[in-house]
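What follows is a short report on a single structure.
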Amino acid sequence: MKPAAGGGGKGCAVDPSLPRFRCQECRRALVVVGVDSYSDRLPAHAAAGNHAPSVQGSVMGASRMDNSYVVLSRQSRSQGPGIPPRPPSAAAPHTEPNQSTRAIEGSYIVLPPPAASIYKTPASEGGVAQLTPPGLNSSSPSPGNNSGFHSNVTVLKRAFEIASSQTQVEQPLCLECMRVLSDKMDKEIEDVNADIKAYEACLQRLEQEPYNILSETDFQKEKQKIEEEEKKLKAAIEEAEKLYSEVSSEMKDLEIKSKQFEELEERYWHEFNSFQFQLTSHQEERDAVFARIEVSQVHLELLKRTNVLNDAFYISHDGVIGTINNFRLGRLSNVEVEWDEINAAWGQAALLLHTMAQYFTPKFQYRIKIHPMGSYPRVTDIHNNTYELFGPVNLFWSTRFDKAMTWFLTCLQEFAEFAINLDKENNVPPEKSLKLPYKIDGDKVGSHTIVLSFNKNENWTKALKYMLCNLKWVLYWFIGNTSFAPPSGPVHTQSLRNKN
């Protein structure tokens, strides 16, 4: 058998009617080739006729041979190209002493009895069987040979099946796969032979070793000793099994406890994570509260440093004219100020002096009463006479308005004297005690009278400005000696004096 690709061998044609087989190892297609050249190499008495050449005497009777043989052609014996060499470890064929040399002069394949039975024909009863190789005369098969051809194909298939069952190797095989298989089997044979040699060497070594034969008494003693050791070992085994059961029970308890510990650990970590999250939330909330507290403290310090009265009664100046809360108090010949603005400025000044006097009541003898009534303030003297401290008034005859301003100035002077006496009681150094920047004497402040009748607007405005400057100094003293914080802004008294 050759692979299908090798069908174009030397002088051999592939008959398409021949059956195709595949190698069971590499799955390549195999065909039967070179059959037409068998007839000239067979014996002359076997090649006669147009029928397929037969191999006579290839299957011997059971009376002469234990096994049947199939004679191969000279082409097969010559180990031509494509035929694998026979392994050196293959067994030599078994021959009968009485068998003729001519009948088995060629190479042959030993078949087991079941395989040999497929080659038997009715003619074998006479001692000779004929086997027509498949494929002869395939170029012009005759109708009369179809039955023989199919029978030969069946025989070939059956031979492959038997070879597969006997060798544990799927048949047919190509030449390359057969060489690989042969090498593998040679290697296995070498390994088996090496094992056999090793076993034989061990057996010889054991046979050469001397040994003593025990007497019956010694044998019984050894037996008893071994039995005692066996009992001890059994007792040790029972003890070990008992310990094993105890250890197994303890292991089960430990496994249960381990599972419980794992559950506790898992619950602990869940609770820990929850607590950590809550702690983080509380810390963030605490930090936020601390931040708000810091902001509140900053605001509180700012409020403590804030001069409330100074902010509520902001005394400043607009050139020569003094102002309180941006209301101008006074007028000039070239600056016309409405009486509504002047009245509002007098209302703010009256409210400031009244607030400071009320704070120290009853220590301060509040004899002259100031009545802050918005833009319409009034002043009550020591005789309970009330005068209006607002305009408009007649510039040439304004007695009630002049008296109201004079009594206001007297009340401011009395409050300043009270502040100076209070500093003396508190042992305040003279340099830190209250001292008015402009002396008040009756209706005069500094060197200017506060009376409006028959007075120039410039002098009257300067007197009002000096009065506001003294009022501001009294305000700062009041803030420094009460719960009010010190002024946050610069003192404007010096600027008022510099404008003088």
Side-chain angles (χ1 to χ4, degrees), residues 275-319 321-329 341 343-364 366 370-375 377 411-412 415-416 418-420 422-423 425-429 431-437 465 467-499:
F275 173 76
Q276 194 73 18
F277 177 75
Q278 293 178 0
L279 179 62
T280 304
S281 301
H282 289 319
Q283 288 177 349
E284 292 177 354
E285 185 177 357
R286 181 201 61 186
D287 295 340
V289 171
F290 285 164
R292 289 197 295 270
I293 290 174
E294 290 179 359
V295 172
S296 301
Q297 287 178 349
V298 171
H299 289 170
L300 179 61
E301 294 296 329
L302 181 62
L303 291 175
K304 286 181 179 180
R305 292 193 302 268
T306 301
N307 187 348
V308 178
L309 292 179
N310 188 46
D311 292 341
F313 302 97
Y314 180 68
I315 298 175
S316 182
H317 62 88
D318 184 9
I321 303 174
T323 60
I324 179 170
N325 289 342
N326 295 325
F327 294 118
R328 290 175 293 182
L329 185 59
E341 186 176 354
N343 294 338
W346 272 117
Q348 293 293 321
L351 179 61
L352 175 59
L353 183 57
H354 174 73
T355 301
M356 292 188 293
Q358 285 289 333
Y359 185 84
F360 284 102
T361 303
K363 287 185 178 181
F364 172 65
Y366 195 19
I370 307 297
H371 305 283
M373 301 174 64
S375 296
C411 182
L412 177 60
F415 188 80
F418 167 77
I420 293 172
L422 189 62
D423 286 342
E425 292 178 2
N426 295 330
N427 297 322
V428 178
E431 63 273 7
K432 293 184 179 180
S433 180
L434 175 62
K435 185 178 181 180
L436 296 178
K465 181 180 179 181
M467 182 272 297
L468 288 177
C469 184
N470 288 339
L471 184 63
K472 190 175 183 70
W473 276 73
V474 172
L475 172 63
Y476 279 120
W477 175 89
F478 177 83
I479 293 171
N481 288 272
T482 59
S483 59
F484 292 93
S488 59
V491 180
H492 299 281
T493 305
Q494 188 67 29
S495 60
L496 288 174
R497 297 184 67 176
N498 293 336
K499 290 294 183 179

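The structure presented is a predicted model; accordingly, all values stated were derived computationally and were not measured.
Side chain of Thr323 to main chain of Ser316: a donor-acceptor pair is present (N/O by atom type, distance under 3.5 Å, no hydrogens or angles). Of the possible donor and acceptor atoms, none in the side chain of Asp423 sits under 3.5 Å from a partner among the backbone N and O of Lys432.
Taking the six-membered ring where tryptophan is involved, the planes of Trp477 and Phe360 are tilted, since the angle between them lies from 30° to 60°. Ring orientation note: the planes of Tyr359 and Phe478 are nearly perpendicular, at an angle over 60° on the 30°/60° scale.
Taking the side chain as every heavy atom from C-beta outward, Tyr366 and Phe418 never approach each other to under 4.5 Å. Contact of the Ile479 side chain with the Leu475 side chain is registered, since non-hydrogen atoms from C-beta on lie closer than 4.5 Å. Using a 4.5 Å cut-off on side-chain heavy atoms (C-beta onward), Asp318 and Asn326 make no contact.
For Glu341, the side chain to side chain donor-acceptor pair (under 3.5 Å) criterion is met by Arg328, not counting sequence neighbours. Under the ring pair (Phe, Tyr, Trp, His ring centres under 6.0 Å) criterion, Phe313 pairs with no residue, sequence neighbours left out. Not a single side chain to side chain donor-acceptor pair (under 3.5 Å) links Thr355 to another residue, sequence neighbours left out. For Leu300, the side chain to side chain contact (heavy atoms under 4.5 Å, CB included) partners at least two apart in sequence or on another chain are Lys304.
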Contacts table for residues 278-285: side-chain donor-acceptor under 3.5 angstrom, sequence neighbours left out:
unit_1: Thr280; atom_1: OG1; unit_2: Gln276; atom_2: O; d: 2.7
unit_1: Ser281; atom_1: OG; unit_2: Phe277; atom_2: O; d: 2.9

Under 3.5 Å donor-acceptor pairs involving side-chain atoms of residues 343-352, not counting sequence neighbours:
unit_1: Asn343; atom_1: OD1; unit_2: Gly391; atom_2: N; d: 2.8
unit_1: Asn343; atom_1: ND2; unit_2: Trp339; atom_2: O; d: 3.1
unit_1: Asn343; atom_1: ND2; unit_2: Gly391; atom_2: O; d: 3.2
unit_1: Gln348; atom_1: OE1; unit_2: Asn325; atom_2: ND2; d: 2.7

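From Leu412, atom CG reaches atom CE of Met356 across 7.0 Å, with rounding to the nearest 0.5 Å. Of the inter-residue distances, the one linking Asn470 atom CG with Phe415 atom CZ reads 13.0 Å to the nearest 0.5 angstrom. Atoms CG and CD1, from Leu471 and Ile315 in turn, are 4.5 Å apart once rounded to the nearest 0.5 Å. Atom-to-atom distance recorded for Lys472:NZ and His317:NE2 is 10.0 Å, nearest 0.5 angstrom. Atom CD1 of residue Ile420 and atom CD of residue Glu425 lie 12.5 Å apart, to the nearest 0.5 angstrom.
Closest approach of Ser433 to Val428, counting heavy atoms only: N-CG1, 4.0 Å. Of all the heavy atoms in Ile370 and Pro372, the pair that sits closest is O-CD, 3.3 Å.
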